[in-house]
Amino acid sequence: MLSKFPHLRQDFLASVVVFLVAVPLCVGVAVASGVPAELGLITGIVGGLVTGFLPGSSLQVSGPAAGLTVIVFEAVTEFGVGTLGVIVLFAGLLQLAMGFLKIGRWFRAISVSVVEGMLCGIGLVIIAGQIYAAAGLEAPESGIGKIAGLPGAFADALGDTGALTSLAIGAGTIAVIVLWKRMPRAVRTVPGALAAVLLATVATLALDLPVATVRVEGLLGVVQPPGTEALGELAAPAIWGTIIAFALIASAESLFSAAAVDRLHDGPRTEYNKEMIAQGAGNTVCGLLGALPMTAVIVRSSANVAAGAKTKASRVLHGVWLLLFAAAIPWALALIPIPALAGILMHAGCKLIPFRQIAALWRDHKGEALILVITAVSIVAVNMFEGVLIGLALAIVKTAWEASHVKLEVIDKGAGPIQVYVSGNATFLQLPKMLDSLENLPQDRPVELDLSGLHHLDHACRTALESWAERHSAVGTEPVKFTSR
């Protein structure tokens, strides 16, 4: 047996660690998304048993991700839980199509600043929203409303003993997760998030604290395959924007996670198109079950690598353990305090905000830092999909501007023609600068315009240069002499 599976021991132990990390995250993401807790576990199970079996990235682990919480909550609020399966199903089919068309590798071309800005914006909205959940208060729907309403929420909580108790459980959960890293190594074999949830649950039960706990409906009770009514929602154009957003954001997060996981181990590298197909297959199954969308999750994936996993067996086994847990002891979910899950997600939200990267970008690449910040602010102020589009548009404009740098050198020896050397990439973006320099040349002197140093000259620039040459020569000056390759 061991000769056929030489890494079985390492993969078995790693699968247990990943399972322990996954349980509180699956439940927390589901509750924060406004759906039954069991749907988060179903997505985790599919991530292990379906996506885990498929080729792509051997050590990456998939499941419900905090990064999609905001957009899932918006979708559930707008279309209802019953339609969530349809959205996830068609997002999965779109991912499959992109994978088979070999579009997966192109996701590596997305600006890192946009992706980090997206995660930063998501993190801010998660943190703000989960503060309300930790206090047992109703959160405003919009991201900007969540942040603007925080002072009032804290004021309300100060006058409510129950809200203060709930906030204390959430704060205690975060403290345990942060301080857990300083515990002895033997103790740290239990993941910090799981330890925090267990301690919060024990404290709530022992002290009989008045805090809300997770509602349990049973694993089979929450499965909602898309019905005729839900499929009828596809006639509404608005739902397709959400489907595309699910597919693109989940794909980008998964493939960027794969690149990060590849840096953590020296095993086989990720095959991006196959990983896209694996993610699409997983989301298709999740959609058929009416569950949450999945992505590759860097927290679980890094835990998998750190625990010594060698093959995909570890992530498949973690799906088995999730299935056994959900089937055998679902009652355990009903004991978990919601503020403890809110604390876990606030901690996860903080980890999505790239504090160090923002500082480093601001020192070396201020333009990229601005794109990151504007993307994050747009997501908070507007919504996820439009915020990402704004970030992508800014990244494209910035790239176009940088790619169109042109150098114009004027040599005037006092007698004879003025020599002008133009080099670089002449596009319409640099046209005003070029024309300003040319129109400042003496009108009564002949000009030799050398364009041989240009790598690119677009139609707008060529037309403008020819018009300028005609005007310059119109007063009787010798015609402008052009030199090109």
Side-chain angles (χ1 to χ4, degrees), residues 22 26 29-30 33 35-36 38-57 60-65 67-69 71-72 75-76 79-104 107 219-220 222-235 239-255 257-258 270-297 300 312 315-316 318-320 322-323 326:
C26 286
V29 169
S33 300
V35 302
E38 292 89 343
L39 288 182
L41 291 173
I42 290 173
T43 299
I45 292 165
V46 174
L49 300 183
V50 177
T51 304
F53 263 119
L54 297 174
S57 175
Q60 184 162 255
V61 184
S62 299
L68 286 178
T69 301
I71 193 170
V72 173
V76 170
F79 302 107
V81 178
T83 309
L84 179 62
V86 171
I87 296 172
V88 177
L89 169 62
F90 279 84
L93 293 174
L94 184 55
Q95 285 182 300
L96 284 172
M98 290 191 291
F100 284 118
L101 292 172
K102 302 188 183 302
I103 295 174
F107 276 82
L219 200 61
L220 295 178
V222 299
V223 173
Q224 292 187 41
T228 305
E229 184 179 345
L231 288 168
E233 293 283 349
L234 293 172
I239 200 171
W240 286 100
T242 303
I243 290 170
I244 293 170
F246 270 42
L248 296 181
I249 293 171
S251 299
E253 191 169 339
S254 295
L255 298 183
S257 172
T270 296
E271 297 180 70
Y272 285 88
N273 292 315
K274 290 183 178 180
E275 180 63 18
M276 177 78 84
I277 292 170
Q279 294 295 325
N283 273 319
T284 301
V285 174
C286 285
L288 291 172
L289 297 173
L292 289 171
M294 75 163 60
T295 73
V297 186
R300 288 175 224 180
K312 67 175 68 175
R315 60 188 192 179
V316 175
H318 118 276
V320 174
L322 283 174
L323 177 60

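These numbers were taken from a predicted model, which means no experiment stands behind them. Basis for what follows: all heavy atoms, side chains included, without hydrogens, waters or symmetry-related copies.
- L68 places a side-chain heavy atom less than 4.5 Å from the side chain of I71.
- Between the side chain of R315 and the main chain of G52, a donor-acceptor pair closer than 3.5 Å is present.
- One N or O on the side chain of N283 and one on the backbone of M294 form a donor-acceptor pair closer than 3.5 Å.
- At distances below 3.5 Å, not a single donor-acceptor pair connects side-chain atoms of T51 with backbone N or O atoms of S62.
- Side-chain contact of T270 with Q60: a donor-acceptor pair under 3.5 Å is absent, judged by distance alone.
- Rounding to the nearest 0.5 Å gives a distance of 3.5 Å between OG of S254 and CD of Q279.
- A side-chain donor-acceptor contact under 3.5 Å links T43 to the backbone of L292.
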request  = Please assess Y272 against I103 for the test side chain to side chain contact (heavy atoms under 4.5 Å, CB included), listing each intermediate value before the final yes or no.
outcome  = CA-CA 9 Å; Y272 285 88; I103 295 174; over 6 Å; no
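- Taking 4.5 Å as the limit, some side-chain heavy atom of L234 sits within range of a side-chain heavy atom of I243.
- In terms of heavy-atom proximity, G40 sits nearest to A30 at N-CB, 3.7 Å.
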task = Using the side chain to side chain contact (heavy atoms under 4.5 Å, CB included) rule, take L255 and M276 through it: C-alpha gap first, then chi angles, then the decisive distance, then the call.
result = CA-CA 8 Å; L255 298 183; M276 177 78 84; 4.0 Å; yes
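- With no hydrogens or angles considered, a side-chain donor-acceptor pair links S251 and Q95 at under 3.5 Å.
- Looking at V86 and E233, their side chains never come closer than 4.5 Å, going by heavy atoms from C-beta outward.
- Residues P293 and V72 are in side-chain contact: their nearest non-hydrogen atoms beyond the backbone lie under 4.5 Å apart.
- Contact annotation: the side chain of F100 approaches that of I277 to within less than 4.5 Å [non-hydrogen atoms, C-beta and beyond].
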task = Please test C26 against R300 for side chain to side chain contact (heavy atoms under 4.5 Å, CB included), starting from the C-alpha separation and ending with a verdict.
result = CA-CA 11 Å; C26 286; R300 288 175 224 180; 3.8 Å; yes
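- A donor-acceptor pair is defined here as one N or O able to donate and one able to accept, closer than 3.5 Å; such a pair exists between the side chain of K312 and the backbone of F53.
- Rounding to the nearest 0.5 Å gives a distance of 4.5 Å between CD1 of I45 and CG of L323.
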key: Verdict with reasoning, F246 to F90, per side chain to side chain contact (heavy atoms under 4.5 Å, CB included)   = CA-CA 9 Å; F246 270 42; F90 279 84; over 6 Å; no
